[in-house]
Q: 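Let me begin by handing over the structure; questions about it come next.
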2 protein chains.
Amino acid sequence: MTALAARRPGPAGRIRQQHEGAILDAAETVFARAGFQGATMAEIALKAGLPKANLHYYFGTKAEVYRAVLSRILQLWLAETDRITPDAAPRDALTHYIEAKMHLSASRPDASRVFANELLHGAPEIGDYLRGELRKLVAAKAGVIESWIAAGQMAPVDPQHLFISLWALTQTYADFEAQVCAILGRQQLGPADYRRATEHVLNFVLRGCGLYNPTPEEMKPCSI
Amino acid sequence: MTALAARRPGPAGRIRQQHEGAILDAAETVFARAGFQGATMAEIALKAGLPKANLHYYFGTKAEVYRAVLSRILQLWLAETDRITPDAAPRDALTHYIEAKMHLSASRPDASRVFANELLHGAPEIGDYLRGELRKLVAAKAGVIESWIAAGQMAPVDPQHLFISLWALTQTYADFEAQVCAILGRQQLGPADYRRATEHVLNFVLRGCGLYNPTPEEMKPCSI
DNA sequence: TGAAAACCTGACCATTTGGTCAATTTTTGA
DNA sequence: TCAAAAATTGACCAAATGGTCAGGTTTTCA
């Protein structure tokens, strides 16, 4: 954010706020489907229900729309690590984080895809954010996880790589939905699919962190 | 492949083979960096060291180049599930698969990125492949894993979701390298980084599948 | 109520870019 | 050696597209 969130100054009247929202919603969909270069201002305008010239009244350039979309997305990503604190129980904290991330994948897949696309192409717009805010946040949370490990509360897992793994495991369901659908034989992922996926990721990660509690119906020890 | 691999008929002379290779190498890089729409024939031509018109002699359209690149990539992806057979030891088979996938991420990141980009945008070109060959392959390998589970050789993990997780965990290091670099504080990922990443994924997955064997230097029981 | 500010938009333009083509050169193989 | 096949390429084109702008309408608020 910071530089990214540098919205045009001024009071931002009622109409502006409303239309900017519509434009960003439309843009998120279009950027997700086609990427930055593939997205056209005409298509965004059509989807937003505004003439193209009007887009350029609110956002000077396509890049500006793109940055605004990314900025909005980054806000979603931030507030999820709340519960990862030294005195929380690792199991509860990780469970909450995974469930929140999976919910985001299910509810805002386009947001995840725009973000993924930006990363895929080298993060030209959000590189500074990644190396700044995000890195700092992860470093802090990595410290928490290390304290859990030192206290014998979970298995020794590299905390930084753990976060990378958590993002990969959860966002894959939004980013690569086409592949997931093909494997599962679905047209699209429904709530039941996401429930099963969440359950899988949860079990898998908890086991991977040595936090597995066997459920009643499958009473087996962790190490077979 | 199949439909994708439908290369132009004919004997394919020496020069043709050589120049097609150069074009595909260049295209892989350019498509990875810019996506399908962002890639230009002019840039591919420049990188391949050929005049643009010459590209159109070998490949009629940009889409045809793109399909050829994807086809080449899919061949890399296929031959990796060799060792996943009913009589293999789960630990060895998964270890081999993960190490192979991580090696691919390290050695051919652009290939992974082109593939990821295609998935991200709904797999318009390889959807048939995903729903056909890939799905069949995964279904078969899922059967193997189920047999391992039934034999009590590993923890009960949804086999289809397990494959999705394995792909996500390994390919994230190529696809989202920008993010990984930012978190780890690197300019780019070196061999040491990949070694550490492979070790992490391996430990994480094996533990997640109930296949963890403590290494000498950290002798702790699986379930803390 | 009235004028300043905000908002709207059809028409237009310059650039980029995928693709074509015809003329030419190089390679092949009988 | 020589003709047929393969390969090469500069010049060119039509379409798509990001962006501009001048002149208009609507909203705001003192």
Side-chain angles (χ1 to χ4, degrees), chain A residues 7-70 114 117-118 121 124-125, chain B residues 7-70 114 117-118 121 124-125:
Chain A
R7 300 312 343 268
R8 182 188 347 283
R14 209 187 73 259
I15 297 177
R16 168 165 230 112
Q17 207 169 323
Q18 185 177 330
H19 283 183
E20 281 187 357
I23 291 168
L24 293 183
D25 286 345
E28 188 171 288
T29 306
V30 176
F31 281 129
R33 178 159 3 180
F36 177 73
Q37 314 255 10
T40 70
M41 292 298 267
E43 195 183 346
I44 295 173
L46 184 72
K47 196 151 260 165
L50 296 171
K52 192 186 67 153
N54 207 354
L55 252 67
H56 283 98
Y57 173 73
Y58 289 107
F59 298 91
T61 66
K62 183 162 85 157
E64 207 172 313
V65 181
Y66 183 64
R67 268 180 249 118
V69 169
L70 280 176
V114 175
N117 196 62
E118 164 73 4
H121 300 336
E125 300 292 341
Chain B
R7 301 313 339 274
R8 181 190 346 284
R14 211 187 72 259
I15 297 177
R16 167 165 229 113
Q17 208 169 323
Q18 184 177 330
H19 283 184
E20 282 187 357
I23 291 168
L24 292 183
D25 286 345
E28 188 171 287
T29 307
V30 176
F31 281 129
R33 178 160 4 180
F36 177 74
Q37 313 255 11
T40 70
M41 291 298 266
E43 195 184 346
I44 295 172
L46 183 72
K47 196 151 260 163
L50 296 171
K52 193 185 67 155
N54 208 352
L55 253 68
H56 282 98
Y57 172 74
Y58 289 107
F59 298 92
T61 65
K62 182 161 88 157
E64 207 172 313
V65 181
Y66 182 65
R67 266 180 249 120
V69 169
L70 281 176
V114 175
N117 196 62
E118 165 73 5
H121 301 335
E125 300 292 341

Q: How close or far is atom C1' of C/dT9 from atom NE2 of A/His19, stated in whole angstroms?
A: 13 Å

Q: Excluding sequence neighbours, so at least two apart, what forms ring pair (Phe, Tyr, Trp, His ring centres under 6.0 Å) with B/His56?
A: none

Q: Which heavy atom in A/Glu125 sits nearest to a heavy atom in A/Tyr66, and how many Å separate them?
A: CG-CE2, 3.7 Å

Q: Could you work out how much the helix from C/dT1-D/dA30 to C/dA30-D/dT1 bends, comparing the axis of its first five pairs with that of its last five, to 10°?
A: 20°

Q: Among residues two or more places apart or on two chains, list those pairs meeting side-chain hydrogen bond (donor to acceptor under 3.5 Å, both in side chains) that have a residue in residues 23-32 of chain B.
A: B/Asp25-B/Arg72, B/Glu28-B/Arg72, B/Glu28-B/Arg108

Q: Checking contacts here: which listed nucleotide (D/dA7, C/dC8, D/dG18) is nearest the side-chain heavy atoms of A/Tyr57?
A: C/dC8

Q: Counting only side-chain N and O atoms of A/Arg16, is one of them less than 4.0 Å from OP1 or OP2 of C/dA6?
A: no

Q: Measure from CG on A/Asn54 to P on D/dC21 and round the result to the nearest Å.
A: 17 Å

Q: In whole angstrom, give the distance that lies between atom CD of B/Glu43 and atom P of C/dT17.
A: 9 Å

Q: Please state how far atom CD1 in A/Ile23 lies from atom C1' in C/dC7, giving the value in whole angstrom units.
A: 12 Å

Q: For A/Lys62 and C/dT16, what is the distance between atoms NZ and C1' respectively, to the nearest whole Å?
A: 12 Å

Q: Out of A/Gln17, A/His19, A/Gln18, which one pairs with A/Ile15 under the side chain to side chain contact (heavy atoms under 4.5 Å, CB included) rule?
A: A/His19

Q: Identify each donor-acceptor pair in which a side-chain atom of residues 31-55 of chain A lies under 3.5 Å from a protein atom, sequence neighbours left out, and give them as a table.
A:
{"unit_1": "A/Thr40", "atom_1": "OG1", "unit_2": "A/Glu43", "atom_2": "N", "d": "3.0"}

Q: Rounding to an integer number of Å, can you tell me how far B/Leu46 CG sits from C/dT17 P?
A: 13 Å

Q: Going by heavy atoms closer than 4.0 Å, what residues in residues 26-41 of chain A are next to DNA chain D?
A: A/Ala39, A/Thr40, A/Met41

Q: Starting at atom CD of A/Gln18, determine the distance to atom P of C/dC7, rounded to an integer number of angstrom.
A: 11 Å

Q: Any chance you could list the contact pattern along nucleotides 20-30 of chain C? Use B for base contacts, S for sugar-phosphate-only contacts and - for none, protein heavy atoms under 4.0 Å, 5' to 3'.
A: BB-----SS--

Q: For B/His121 and B/Pro124, which heavy atoms make the closest approach, and how far apart are they?
A: O-CD, 3.6 Å

Q: Measure from CZ on B/Phe59 to P on C/dG18 and round the result to the nearest Å.
A: 15 Å

